[in-house]
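Contents: one structure, followed by commentary.
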Amino acid sequence: MEKRFVAIWFPHLATDWVTRSRRELEIKPFVLSAASGGRMVITASNLTAESNGVFAGMVVADAKAIVPDLEVLIDKPGFTEKLLKRIAIWCIRFSPLVAVDLPGGILLDATGCPHLWNSDQGYVDAIAGRLSDFGYDVRIAMADTIGCAWAMARFGSGSRVIEKGRQLDALLPLPPEALRLPAEDTLLLQQLGLRQVSQVLGIPRASLRRRFGQLLLDRLDMALGNQEENLIPVVPAEPWQERLYSLDPISTMGGIEIALGRLLETLCEKLQQEEKGLRTARFKGFRVDGKTVQVEISTTRPSTSVSHLFKLFELKLQDFNAESGVEVFILEAPVFEDNSPVQQDLWQLGGSQAGIQLSELIDRLSGKYGSGHITRYLPDAHYWPERSIKSAGSLLEQPQVEWRTDRARPVELLPIPEKIEVTAPIPDYPPMLFRHKGKLHTIKKADGPERIEQEWWIEEGEHRDYYAVEDETGKRYWLFRSGHYTGDKSPHWFLHGFFA
Amino acid sequence: MPDLNDDIIAALKEQIFSMNGYKTFHGKDCGVLPKPFTDPLLSRSFPLGVIHEFVCAGSEDYAATTGFTAGVLASLMQGGRFAVWISTNSHLFPPAFTTYGVASERIIFIRLKKENDVLWAMEEALKCDGLAAVIGDVKELSFTASRRLQLAVEDSRVTGFVIRRNIRNLNTTACVTRWKITHLPTDSEDGLPGIGFPHWNVQLLKIRNGKPLNWQLKFVDGGIKVVPQSSQNIQEVHRKIG
């Protein structure tokens with residue numbers, strides 16, 4: 001199969017990255033600099049600075065003389081390399097084989113990939129579009145050879161896609177720098193008046209070898225496709241990833257389920273061997289029309305149970321819209337944890353089996369309805385009723401303080417206290433009767449008041465005097481009066497809960 | 001040979017119960033459920049591994065039912081077991097459960113928007129035999145839905161409680177029991193002022209293979225106690241048993 005390569009070049013990688021987080025720098029001239037031999041030397045300059053004549057390699061002092069309001073930031077050593085690697089990993093979505101090409105470039109082995117984006121042009125446009133959306137200045141080219149793609153990305157003009165076998169035509173008008181040669185060789189070529197690759201190619205190979213050594217010939221052969229060149233791919237970021245390529249695009253739910261089942265089986269088997277369990281799993285499908293669909297599930301504890309994970313995915317598969325058909329399925333476990341037998345013993349939820357069942361149940365329910373619907377409450381050290389409980393973070397979180405049982409609390413507490421009309425002797429007697437939702441309740445027995453002050457460091461407001469009351473039929477309520485009796489203003493009474 | 005006959009009848013009844021999906025407490029009663037519970041249920045204790053249906057008219061009845069359920073839950077959740085409480089619009093207050101002896105941090109509250117979702121979630125939860133109990137708040141419970149729940153517990157032996165708040169029509173369900181719990185005025189001992197211990201009128205409106213009955217129960221000293229016979233007027237509820 002004929003190979004296709006994509007070369008991406010970021011002319012302003014480091015400065016673009018800074019601009020992404022600091023938008024105000026977009027229009028200002030600024031440079032990154034690093035100490036070199038006792039002076040500050042510019043390592044990268046943005047487009048505005050370059051248009052003012054400040055380029056990488058200049059001394060900061062000189063640059064400041066040209067552009068007085070030049071912003072100078074410190075460049076972290078090795079940062080560009082790290083950034084490039086991150087971008088390269090991100091590019092794995094476009095091709096499984098991605099390599100970092102220093103300085104400032106990324107190479108993709110696009111063989112067999114572009115048809116997912118309908119055409120070579122679509123593929124290249126997709127990559128360039130996504131990267132420029134991030135705010136990077138991107139030059140991109142696609143060709144049969146790494147050398148040609150590299151050269152076209154940096155020195156080419158016009159079409160970014162070099163047709164199959166047309167690399168010679170593309171290379172001819174380019175300057176000799178496009179041949180990826182050491183600086184001194186390029187300089188020598190320039191000095192000899194060889195300003196285009198076509199002129200270099202016009203010289204007999206024997207003469208070239210005698211004058212420039214084997215390297216120039218190798219580079220020429222590589223660029224023209226006469227000599228093979230390979231990429232050294234970056235390590236894929238997902239250690240737990242399974243791919244399944246389908247012969248024909250799959251669009252039926254049955255087919256997708258089979259693919260998912262197979263991927264889960266292989267992935268879980270591998271995880272088990274390493275005593276790991278996944279906490280989050282992502283099932284991706286690369287569709288024929290260039291879009292990616294994915295569903296993600298997460299579990300409350302590390303799991304390698306195929307049936308359980310399959311059930312979780314099953315609830316979400318309706319969102320897996322395979323319209324025109326999916327060509328590549330990827331299942332990856334971005335979050336995983338150790339799942340050794342020792343840890344399972346630590347899982348104390350009334351027996352390990354019950355704990356697993358419970359967490360699987362919660363996974364299923366939160367998968368279907370969202371995790372916000374499921375709460376477990378723990379006591380919190382507050383007197384204010386609404387704040388006396390808090391939701392637990394995880395299934396294993398234990399109460400930090402004791403549940404208070406010294407005061408009667410209603411089994412149902414209204415989230416918003418309901419206003420009631422009361423007849424109450426002042427100052428501090430419980431009401432004699434109250435009206436709630438149009439029904440009159442005569443109070444026969446009462447306990448209280450229990451004064452609960454507002455916690456001023458959290459919220460300002462009136463205190464509450466709570467009374468537990470019982471009406472003539474034995475129904476029990478939790479009422480409170482908000483604030484003091486002051487002057488002619490009567491305080492409001494509220495119903496806050498129902499006792500059992 | 002009347003004794004022998006009794007034994008045979010008891011054994012046969014036992015078989016019928018097991019076919020009907022009953023389950024007794026293993027070992028002795030956990031102490032929370034009062035003794036008389038064993039009598040009307042044909043010398044059985046509070047049936048476990050079945051679906052109990054509670055009917056309540058309003059928020060007050062719901063609170064009473066919740067209190068009674070909490071009292072039962074306390075014994076079911078012993079040994080670090082979890083319970084799941086699924087509802088649409090209840091605002092239960094966990095600290096109150098602690099007074100009934102329930103470890104509130106071991107109840108998982110699930111609030112869903114639709115009643116159908118509650119029933120679906122209940123069925124899923126009832127299939128987990130590691131749970132102590134599953135409580136669901138719904139208004140309507142069709143026969144089909146109750147049958148599904150009952151079938152789920154017959155497999156897993158989890159006890160299910162369906163609390164039907166603001167019930168509109170009392171339809172036939174496949175639940176093994178139907179209870180109605182209402183408040184009774186408390187009486188404080190020695191005429192002390194204030195509110196006494198929680199006091200309920202517990203009506204067992206329906207039980208499969210049993211007679212409906214009525215108790216007056218109190219929650220005293222961490223357990224459900226029956227108010228002595230002398231002070232309550234026993235009234236048998238005559239209902240057609242579904």
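Each chain gets a letter, A, B and so on, in the order its sequence line appears, and its residues count up from 1.
In this structure A:Arg481 satisfies the salt bridge (charged side-chain N to carboxylate O under 4.0 Å, His left out) test together with A:Asp428, A:Asp465, sequence neighbours excluded.
Counting heavy atoms from C-beta on, the side chains of B:Phe93 and A:Ile389 come closer than 4.5 Å. Within the 4.5 Å cutoff, no side-chain heavy atoms of A:Tyr377 are placed close to those of B:Pro95. At least one side-chain heavy atom of B:Thr186 sits less than 4.5 Å from a side-chain heavy atom of A:Lys445. Counting heavy atoms from C-beta on, the side chains of A:Leu413 and B:His91 never come closer than 4.5 Å. For the pair B:Tyr62 and A:Phe498, the minimum side-chain heavy-atom distance is 4.5 Å or more. Proximity of B:Trp120 to A:Leu365: side-chain heavy atoms (C-beta onward) are separated by under 4.5 Å at one or more points.
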Evaluate the criterion side chain to side chain contact (heavy atoms under 4.5 Å, CB included) for residue pair A:Arg409 and B:Thr99; output intermediate values, then yes/no. CA-CA 8 Å; A:Arg409 287 287 177 266; B:Thr99 21; 6.0 Å; no
Steps toward side chain to side chain contact (heavy atoms under 4.5 Å, CB included) verdict (B:Lys113, A:Tyr369): CA-CA 9 Å; B:Lys113 285 208 184 74; A:Tyr369 303 114; over 6 Å; no
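Among B:Asp61, B:Leu92, B:Val84, the residue making the largest number of heavy-atom pairs under 4.5 Å with chain A is B:Leu92. No other option in A:Leu378, A:Thr473, A:Val469 has as many heavy-atom pairs under 4.5 Å with chain B as A:Thr473.
A 6.0 Å sphere centred on CZ of A:Arg407 holds no more than 12 heavy atoms belonging to other residues, nucleotides or ligands. More than 12 heavy atoms of other residues, nucleotides or ligands sit less than 6.0 Å from atom CD of B:Glu140. In this structure, B:Arg148 places its CZ atom where only 12 or fewer heavy-atom neighbours from other residues, nucleotides or ligands lie under 6.0 Å away. At most 12 heavy atoms of other shown residues, nucleotides or ligands fall within 6.0 angstrom of atom CD1 in A:Ile416.
A:Arg376 and B:Glu105 are not joined by a salt bridge, as no carboxylate oxygen comes within less than 4.0 angstrom of a charged side-chain nitrogen.
Across every non-hydrogen atom of A:Ala500 and B:Gly67, the tightest pair is CB-CA, 3.4 Å. Across all non-hydrogen atoms, the minimal contact from B:Pro198 to A:Arg476 is CA-NH2, 3.7 Å. In terms of heavy-atom proximity, A:Arg364 sits nearest to B:Cys128 at NH2-SG, 4.3 Å. What you find for A:Val411 and B:Phe97 is that their closest heavy atoms are O-CE1, 4.4 Å.
Of the inter-residue distances, the one linking A:Asp471 atom CG with B:Glu60 atom CD reads 7.5 Å to the nearest 0.5 angstrom. Atom-to-atom distance recorded for B:Phe82:CZ and A:Ser359:OG is 10.5 Å, nearest 0.5 angstrom. Note that NZ of A:Lys368 is 6.5 Å distant from CG of B:Asp117, once rounded to the nearest 0.5 Å.
Both the backbone and the side chain of B:Ile108 come within contact range of chain A, with heavy atoms under 4.5 Å apart. There is no contact between A:Lys444 and chain B, counting heavy-atom distances below 4.5 Å. Contacts between B:Trp200 and chain A at a heavy-atom distance below 4.5 Å involve the side chain alone, from C-beta outward. Proximity to chain B is absent for every atom of A:Glu360, based on heavy atoms less than 4.5 angstrom apart. A:Thr375 touches chain B through backbone and side chain together, each having a heavy atom under 4.5 Å away. Of the two parts of A:Ala468, the backbone and the side chain both hold a non-hydrogen atom closer than 4.5 Å to a non-hydrogen atom of chain B. Heavy atoms closer than 4.5 Å to chain A are found in the backbone of B:Leu184, but not in its side chain. With a threshold of 4.5 angstrom between heavy atoms, A:Pro379 does not approach chain B through any atom at all.
Between the side chains of B:Ser59 and A:Glu412, no donor-acceptor pair of N or O atoms lies under 3.5 Å.
Looking only at distances, no side-chain donor or acceptor of B:Glu124 sits under 3.5 Å from a matching main-chain atom of A:Leu361. Between the A:His373 side chain and the B:Arg111 main chain, a donor and an acceptor come within less than 3.5 Å of each other.
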